[in-house]
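The next block holds one structure in the form of structure tokens; read it before the comments.
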Amino acid sequence: MQDALALVNSLSDSQVVELTKELFKTVYTHLPYKEVKQNWESVPDVAHLAELNSDDLRRELSPDDSAQLSRLLLEQFAKDPEFSPVVLQSWETVRHSDHLILETIIALGFIVNLTLLVATTKLDMRKNADGSFEWSVSKTDAKKELVKAILDPFSRFIGPKT
């Protein structure tokens with residue numbers, strides 16, 4: 001767990017953004033979106049995020065905001081013992097990428113979906129004999145400290161909770 005957090009804290013802004021994009025790709029390659037979405041539906045602590053419209057989700061954040069929110073989100077993933085291996089696995093995929101220098105912008109939807117995932121989903125990763133991983137998820141109560149850590153900075157992008 002600490003290794004993932006140390007990694008996140010050592011990354012540049014462009015690396016943080018690219019790692020967040022890869023984390024999104026890694027998670028949704030292994031987990032059906034519909035199953036993850038069922039986990040966050042009707043969870044009051046994250047309802048404000050779950051109700052954002054598609055125009056909001058497609059909105060690109062500025063480079064500074066992209067890096068700030070990506071870093072906050074990655075820190076939460078890295079602190080979570082179930083999700084920290086996914087951070088490390090995703091980093092291995094992107095660490096030699098040419099995009100690490102170029103890409104510094106991310107759409108709000110990437111951050112929102114990953115926040116909803118880590119806040120309301122329990123992940124179980126099991127390593128198979130061939131070295132591959134088997135992924136399964138189940139619903140969990142929203143993690144209050146994670147919701148607060150992410151939603152407070154989010155409020156300036158999505159408006160106050162109603």
query = Tell me, do E82 and D124 make a side-chain contact under 4.5 Å, heavy atoms counted?
reply = no

Value for NE2 (H30) from CE (M125), rounded to nearest 0.5 Å, stands at 7.5 Å

Between A67 and V16, the two heavy atoms sitting closest are O-CG1, 3.8 Å

TODO: Take L31 and E35 through the test side-chain contact (heavy atoms from CB on, under 4.5 Å) and record every step on the way to the result.
DONE: CA-CA 7 Å; L31 303 174; E35 187 176 342; over 6 Å; no

Sub-3.5 Å donor-acceptor pair from the side chain of D56 to the main-chain atoms of L52, do we have one?
no

For A78 and S84 the tightest heavy-atom approach is O-CB, 3.3 Å

On a heavy-atom basis, the closest approach of T20 and I106 is CG2-CD1, 3.6 Å

Query - Pair W40-T121, side-chain contact (heavy atoms from CB on, under 4.5 Å): steps then yes or no - result: CA-CA 8 Å; W40 76 60; T121 303; 5.8 Å; no

Trace of the side-chain contact (heavy atoms from CB on, under 4.5 Å) decision for L117 with F24: CA-CA 10 Å; L117 169 76; F24 182 90; over 6 Å; no

Test log, rule side-chain contact (heavy atoms from CB on, under 4.5 Å), inputs L73 and S70 | CA-CA 5 Å; L73 178 65; S70 291; 5.8 Å; no

Does N128 use its side chain to pair, donor to acceptor, with the backbone of D130 at less than 3.5 Å?
no

Rounding to 0.5 Å, atoms CG (L72) and CD1 (I111) come to a distance of 9.0 Å

Distance col, row L88:CG vs R95:CZ, nearest 0.5 angstrom, shows 11.0 Å

Closest heavy-atom pair, V87 versus L7, reported as atoms and distance to 0.1 Å, is CG1-CD2, 4.4 Å

One should read off an interatomic distance between L114 CG and Q76 CD, to the nearest 0.5 angstrom, of 12.5 Å

*Answer yes if the ring centres of F83 and W135 are under 6.0 angstrom apart, and no otherwise.*
no

Taking the side chain as every heavy atom from C-beta outward, state whether W91 and V8 have any atom pair closer than 4.5 Å. no

ask   = Do the side-chain N and O atoms of N39 and T120 include a donor-acceptor pair separated by under 3.5 angstrom?
value = no

* To do: I would like to know whether R71 and E75 meet salt bridge (charged side-chain N to carboxylate O under 4.0 Å, His left out); could you show each step before the answer?
  => CA-CA 6 Å; R71 191 174 303 278; E75 286 171 354; 5.5 Å; no

Looking only at heavy atoms, the pair that brings E22 and S90 closest together is CG-O, 3.5 Å

Rounded to the nearest 0.5 angstrom, the CG-CD distance for D13 and E18 is 13.0 Å

ask   = Hey, is the main chain of L5 close enough, under 3.5 Å, to the side chain of N9 for a donor-acceptor pair?
value = yes

